[in-house]
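Only heavy atoms go into these numbers, but all of them, side chains included; no hydrogens, no water, no symmetry mates.
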Amino acid sequence: MDHQGQLRRAALASGIPDDEVSRFLQHLRLSIRLSAGSSGVPVGQFGGLPRLPVGMDWPSDGVSPLPFIFSVDCAALPRVDGFGLPADGSLVFFLDHEQAAATGEQRYGRVVYVPVGTDTEVAAGPTDHPSVDKQYDVVATLRAEFPDWFGADDEDEEDDEDDEDDEDDDLSPFQQQLARDLERDLPHLDELRALARDLWPPDSGYASAYLGGYADAEVIKSFAEQTLAWREKTGEIVIPVATWYSQVERETHRLTSEWVSLAHFPVENEHYYRSDASFVIRHDDLAAGRLDEALSMAELIP
């Protein structure tokens, strides 16, 4: 479905100039929200045991089997502008989030793509893992996402002046400048955000995972720091200490357009207050089907 065209037609019908709509759409990303529900066509499975190609070994970290998190049927998912998921086949996600968070090593996460037409079977895996006993189907809906500096887009947002000042205080000078430029270029910004909310309402209830949308800002920031540090080490650039943080912000802003969240999901953990995990991938790698280039990220918060 042409989601960008859907918003464009609604905006033009409201009298918003086409050039403003085009600039707004440069920042809009839709993510696919997966949640348990009795209504809708199931698009994937959380927990239990996945279907893997016949004869394929259960993915491991080289020593122990990796926990299965969820799988999705790509053909059953809604198609999203700019999100190059395979048109068919299935994606199967494995992750040992505790080890991934503790070590940062990529061997603790893996995405398996099973092409359509592949002979599959219910895999025999680690039946002692808690997720095996918690299998359930999920359905898909869409959610509109914007960059962190774009401003609040939740329908519960209060528009009083104090709240707007608080939002500005949370932004760096670089992000505040981006926000000012946006407001200057998009006089109908509030109306466009409202249209996006109407077409793809904010979340309600618990989401098992999100596919697509913006990669976590802290993840992209870490990539930016690594990129700049490497370029300095190789002598390609020299960054004065006083400008390091501003350079990181600019590099983060640039890399945000290159990376997409393949999947983001909470993970149950009785030892931590919150446990978040994700897989991120470059747009080019996803479009080319190089799913083995996806990177796993995990965070444990006591």
Step-by-step side chain to side chain contact (heavy atoms under 4.5 Å, CB included) determination, Gln45 to Tyr136 = CA-CA 6 Å; Gln45 165 196 331; Tyr136 61 94; over 6 Å; no
Derivation and outcome, side chain to side chain contact (heavy atoms under 4.5 Å, CB included), residues Val54 and Thr120 = CA-CA 5 Å; Val54 173; Thr120 63; 5.5 Å; no
Please step through side chain to side chain contact (heavy atoms under 4.5 Å, CB included) for the pair Leu85 and Val260, ending with a clear verdict.
-> CA-CA 11 Å; Leu85 281 181; Val260 63; over 6 Å; no
List the steps and the verdict of side chain to side chain contact (heavy atoms under 4.5 Å, CB included) for Phe24 and Leu7.
-> CA-CA 10 Å; Phe24 180 80; Leu7 186 138; 4.1 Å; yes
Step by step, work out the side chain to side chain donor-acceptor pair (under 3.5 Å) result for Glu191 and Ser14.
-> CA-CA 9 Å; Glu191 293 95 319; Ser14 299; over 6 Å; no
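Crowding of Asp119 atom CG: a count of heavy atoms from other residues, nucleotides or ligands under 6.0 Å not exceeding 12.
With contacts defined as side-chain heavy-atom distances shorter than 4.5 Å, the pair Ile281/Ser261 does not qualify. Residues Pro147 and His27 form a side-chain contact, since some pair of their non-hydrogen atoms from C-beta on lies under 4.5 Å apart. Here the side chains of Pro42 and Val138 are not in contact, with every heavy-atom distance at 4.5 Å or above. A heavy-atom distance below 4.5 Å is not found between the side chains of Trp230 and Glu225. A heavy-atom distance below 4.5 Å is not found between the side chains of Arg143 and Pro202.
Between Leu192 and Ile16, the shortest heavy-atom contact is CD2-CD1, 3.8 Å. Looking at every heavy atom in both residues, Ser31 comes nearest to Gly212 through CB-O, 3.6 Å. Scanning all heavy atoms of the two residues, the minimum distance from Thr252 to Ala217 falls at CG2-O, 4.4 Å. The minimum heavy-atom distance linking Asp2 with Gly5 is given by the pair OD1-N, 2.9 Å. Minimum interatomic distance between Glu249 and Phe174 (heavy atoms only, all atoms of both residues): OE1-CB, 3.4 Å. Residues Leu49 and Phe68 come closest through the heavy atom pair C-CE2, 4.4 Å.
Under the 4.5 Å side-chain heavy-atom criterion for ILVMFWY residues, no single connected hydrophobic cluster contains both Tyr210 and Leu262. In terms of hydrophobic clustering, with Ile, Leu, Val, Met, Phe, Trp and Tyr side chains grouped at heavy-atom distances under 4.5 Å, Tyr214 and Phe150 are assigned to different clusters. A single hydrophobic cluster is not seen to contain both Val41 and Ile32; linkage of ILVMFWY side chains at heavy-atom distances under 4.5 Å, directly or through other members, places them apart. No chain of hydrophobic side-chain contacts below 4.5 Å, direct or via other Ile, Leu, Val, Met, Phe, Trp or Tyr residues, connects Val116 to Leu286.
Remark: Asp285 pairs with Arg290 by the salt bridge (charged side-chain N to carboxylate O under 4.0 Å, His left out) rule, at least two apart or across chains. By the ring pair (Phe, Tyr, Trp, His ring centres under 6.0 Å) test, His188 pairs with no residue at all, sequence neighbours left out. Asp190 pairs by the salt bridge (charged side-chain N to carboxylate O under 4.0 Å, His left out) definition with Arg193, not counting sequence neighbours.
A donor-acceptor contact shorter than 3.5 Å is absent between the side chain of Glu121 and the backbone of Pro53. Judged by distance alone, the side chain of Ser172 and the main-chain N or O of Gln175 form a donor-acceptor pair under 3.5 Å. With hydrogens and angles ignored, the 3.5 Å screen pairs no side-chain donor or acceptor of Arg282 with any backbone N or O of Glu258. With hydrogens and angles ignored, the 3.5 Å screen pairs a side-chain donor or acceptor of Trp58 with a backbone N or O of Leu66. Distance alone, capped at 3.5 Å, is enough to place a donor-acceptor pair between the Arg23 side chain and the Asp185 backbone.
Remark: the Arg8 side chain and the Ser22 side chain contain an N/O donor-acceptor pair separated by less than 3.5 Å.
With rounding to the nearest 0.5 angstrom, the OG atom of Ser208 is 8.5 Å from the CZ atom of Arg33. Between atom OG1 of residue Thr227 and atom CD of residue Gln247 there is a gap of 12.5 Å, rounded to the nearest 0.5 Å. Here the CG atom belonging to Leu30 is positioned 9.0 Å from the CD atom belonging to Gln6, to the nearest 0.5 angstrom. How far CZ of Arg184 is from CG of Leu186: 10.0 Å, rounded to the nearest 0.5 Å. Note that CD of Gln106 is 10.5 Å distant from CD of Glu293, once rounded to the nearest 0.5 Å. Of the inter-residue distances, the one linking Arg110 atom CZ with Ile69 atom CD1 reads 14.5 Å to the nearest 0.5 angstrom.
At a threshold of 4.0 Å, the pair Glu183-Arg180 does not count as salt-bridged, since none of the basic side-chain nitrogens sits closer than that to a carboxylate oxygen. Salt-bridge formation is not detected for the pair Arg29/Glu145: no Lys NZ or Arg NE/NH1/NH2 atom is positioned less than 4.0 Å from an Asp or Glu carboxylate oxygen.
Relative ring orientation between Phe70 and Phe46 is described as parallel, the plane-to-plane angle staying below 30° on a 0-90° scale split at 30° and 60°.
Hydrophobic clustering, defined by side-chain heavy atoms of Ile, Leu, Val, Met, Phe, Trp and Tyr closer than 4.5 Å, groups Val248 together with Leu228, Ile237, Ile239, Trp244, Tyr245. Hydrophobic side-chain contacts under 4.5 Å tie Trp259 into a cluster, directly or through other members, with Val219, Ile220, Phe223, Leu255, Val280, Leu295, Met297.
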Extract all donor-acceptor atom pairs below 3.5 Å that involve side chains of residues 88-96 and protein atoms in other chains or at least two apart in sequence.
from	atom 1	to	atom 2	distance (Å)
Asp96	OD1	Glu98	N	3.4
Asp96	OD1	Gln99	N	3.2

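Taking the six-membered ring for Trp, His264 and Phe279 have ring centres at least 6.0 Å apart.
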